[in-house]
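One structure is given below, encoded as C-alpha cells.
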Amino acid sequence: MSRDAATDRYQHYIDGAWTDGTGGETFESKNPATGDPLATFERGTEADVDTALEAADDAFEEWRSLSYIDRAEYLWEIYHELRDRTDELGEIVSRECGKEISEGRADVIEAYHMVEWAAANARHPHGDVIPSEIPSKDAYMRRKPRGVIGCITPWNFPVAIPFWHMAIALVEGNTVVWKPAEQTPWCGQIIAEMMDDAGVPDGVFNMVQGFGDAGASIVDDSRVDTVLFTGSAEVGHEIAGKVGGEPGKLAACEMGGKNGIIVAEDADLDIAVHSAVMSSFKTTGQRCVSSERLIVHEDVYDEFKVRYVEAAENVAVGDPLDENTFMGPAIEPEHVEKIHKHNELAKKEGAEVLVDRADLNEGEIPDGHANGNWVGPFVYEIEYDSDRRCLQEECFGPHVALIEYSGGIERALEIHNDTHYGLAGAIISEDYRKIHRFRDEAEIGLAYANLPCIGAEVHLPFGGVKKSGNGYPSAREVIEAVTERTAFTLNNSSDIEMAQGLSADI
Ligand code: UN1
C-alpha cells in the first residue's frame, strides 16, 4: 500500500516498506499546465534519510553477493513494465512535468533503454585481463561495487534520469537511496512502486521524497560512497565541492549548459532552422542540452534569421496532452519568473528583440488552462561580447540569442567556446573540414553535426566539460562512479619475481 488511506498522502519507500515520514509535513505535486494539484506526498527529513541510509547500508552485503545476472533479473521485470506501460506513464510525465505527450513517452522509452542496457550489461565482461611484465604472472582489473549510492535527480526527465543513475548502480551490486525532484514526486512514486512490484530485496532501493534539505542529508552522510547528481549548476557545484573534500567519497554531477549551434556559411538552412527550433524550444528549453545561442555566419545570417523567426513565431505552445503541441508550459511559476528575468537582462544588455511571445496572448492559452505556467519563445539578436551576462548565464527556457559572426570556423569556435559551460553543441555545415574542427575543438561533451543538440542515446557517454560536468552520472560512464577497481596480480610460479627489475633476494 503506497498511500496512507487515512491521510491520503503518498509515503516514502524505505527498507521494502511504504513509510510515513517523521516530520509530519507534506507537499503537493502540481500540473504545470493547469496549476491543479495532482497528489500529496510526505516531505522527507534528515531522520527519514537516516533510516533509508541505514537500510541501504545493511542490505549491501547480501545484494553484492548475488551474481550480476541475478541482480539484472529484477531490472528485466522493470524493463517490461516500462515498455508495456509507455503510453500510460508518458501521459503521467506530461501531466506532472508539462512536457508535450511525445516527449512524455520519450522519457519513458529512454528509461527502458537505460534499464535494458544496464541489465544486458550484466552478461558483458566486467574487467580487463592485462599482460604482466613477468610471464608467470597474470594481471587483471576487477570491478566491485562501491556501496551505498545517493541519487538526486531533476524534474525535466523524471523517469529517464533516475534510471540513468540507478539501473547500473544496482546491477553493479550497489544499494541506492534516491530523492526524486520535488516537482515530480508522482513519477518518483511510480518508479518506487515498480521496484516494489519487481521484488527488489528490502533495503536495496529506497526512496525519500522531499526537497533540497533531504538531498543535502544524503550528500552529507558518511555512509554514502558515491553521490550521483543531475541538475542545476549551482547545486551541482556545491555537491562537488562538499564531496571533493571527503577522501574516499565520489560525486558525479552533470549540470547545465549554455549550448551553442554554429550555422556555417555552407549550411543547409533547412537543417539549420529545423535543428535550431528543436534544440531551443523542445521541452520549453528546459533540457540541460537545450540551445540558447545560435552563432550564424554573416553570409547566411539574414536568410537564417527570417526563417528562424518565422518558425519561432509559429511554434505551437499549448496543452501538453494535445498531440499537436510542440511546447508545453514551464515547470513552475518561479521558473516563469526566472525566464522573464533573463529576457529582461538581455534587453538591458542591448538585445534587439525579434520574437517576444514570453507573455502568451490570452487566445493562445488553451481553454481551462489559465493557471498554467505559460511562457513562449523569446528570440533576440545581439552583438557578441564576452562580458554580456545574457550570453553566459543559462536561462533554462525558450530564450535564444542570435549572434552573427564573420570570418572562418576559428571565429565561430571562439564564440562557441566562450562560456564557462561545456555540455552540448552542434555545427550545421556541408564542409567536413569544419565539422571535424568542431568535433575536435568544441569544448563540450556532446557534439552533433547537422542535427539538433538534443536527443542523445543512452549508451553514449552523456556529460560535459568545464562547469557543466564532473563525472558522468549517466549511461556507460556511470560504471566508473559506482565501482571500485582492483588491480589483481596472481603468481603462477613457485618463485617470486618482481617487476621493474626489483631484486627479490632476501
Ligand atoms: C537533459 O538535457 O536534461 O540528450 C537530459 C537528450 C536526452 C537527455 C537530456 N537524452 O536530450
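These numbers come from the heavy atoms of this one structure, side chains and all, not from hydrogens, waters or symmetry mates. Keep in mind that this is a model prediction, so the values were computed, not measured. Order of listing sets the numbers, starting from 1, for every ligand and every atom in it.
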Exercise for review: Provide the closest heavy-atom pair for I454 versus K282 in the form atom of the first, atom of the second, distance.
Suggested key: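 The pair with the smallest heavy-atom distance is CD1-CB, 3.7 Å.
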Practice item. Examine ligand 1 and decide if any of its atoms is less than 4.0 Å from a heavy atom belonging to Y448. Key: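 The answer is no, since Y448 has no heavy atom less than 4.0 Å from ligand 1.
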Practice item. Taking only heavy atoms of I454 into account, list the atoms of ligand 1 that are under 4.0 Å away from them. Key: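 Those of ligand 1 that fall under 4.0 Å from I454 are 11 (O).
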Exercise for review: Find all atoms of ligand 1 within a distance of less than 4.0 Å from any non-hydrogen atom belonging to N156, and give their numbers and elements.
Suggested key: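 The list of qualifying atoms is 1 (C), 3 (O).
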Review point. Would Y421 and Q392 count as having a side-chain donor-acceptor pair, cut-off 3.5 Å?
Key: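 No.
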Exercise for review: Please determine, by modelled atom types, if W164 and T230 share a side-chain donor-acceptor pair under 3.5 angstrom.
Suggested key: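 Note: W164 and T230 side chains miss the donor-acceptor criterion.
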Please list the nearest protein heavy atom to [atom] with its residue and the distance rounded to 0.1 Å.
{"atom": "atom 6 (C) of ligand 1", "answer": "G455 N, 3.1 Å"}
{"atom": "atom 1 (C) of ligand 1", "answer": "C288 SG, 2.9 Å"}
{"atom": "atom 4 (O) of ligand 1", "answer": "A456 N, 2.7 Å"}

Practice item. Check ring-ring contact (aromatic ring centres under 6.0 Å, His included) between H274 and all other residues, then give those that pass, not counting sequence neighbours. Key: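 Partners of H274 under the ring-ring contact (aromatic ring centres under 6.0 Å, His included) test: none.
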**Study point:** ligand 1 contact on E110 by region, counting heavy-atom pairs under 4.0 Å
**Key:**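 Side chain only; the backbone of E110 stays clear of ligand 1.
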Check your understanding: What do we get for W164 next to ligand 1 when only non-hydrogen atoms under 4.0 Å count, side chain, backbone, both or neither?
Key ->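 Within the 4.0 Å criterion, W164 contacts ligand 1 through side-chain atoms alone.
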Review point. Any ion pair linking R388 and E349 (charged N to carboxylate O, less than 4.0 Å)?
Key: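 No.
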Check your understanding: Would F326 and F281 count as a close aromatic pair, with their ring centres under 6.0 Å?
Key ->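 No, the ring of F326 stays outside the 6.0 Å limit from the ring of F281, centre to centre.
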Review point. Is K99 reaching over with its side chain to a backbone N or O of N156, donor-acceptor style, under 3.5 angstrom?
Key: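 Checked: pair present.
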Exercise for review: Only heavy atoms count here, so choose which of F157, F396, W155 is nearest to atom 5 (C) of ligand 1.
Suggested key: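 Ranked by closest heavy atom to atom 5 (C) of ligand 1, first place is F157.
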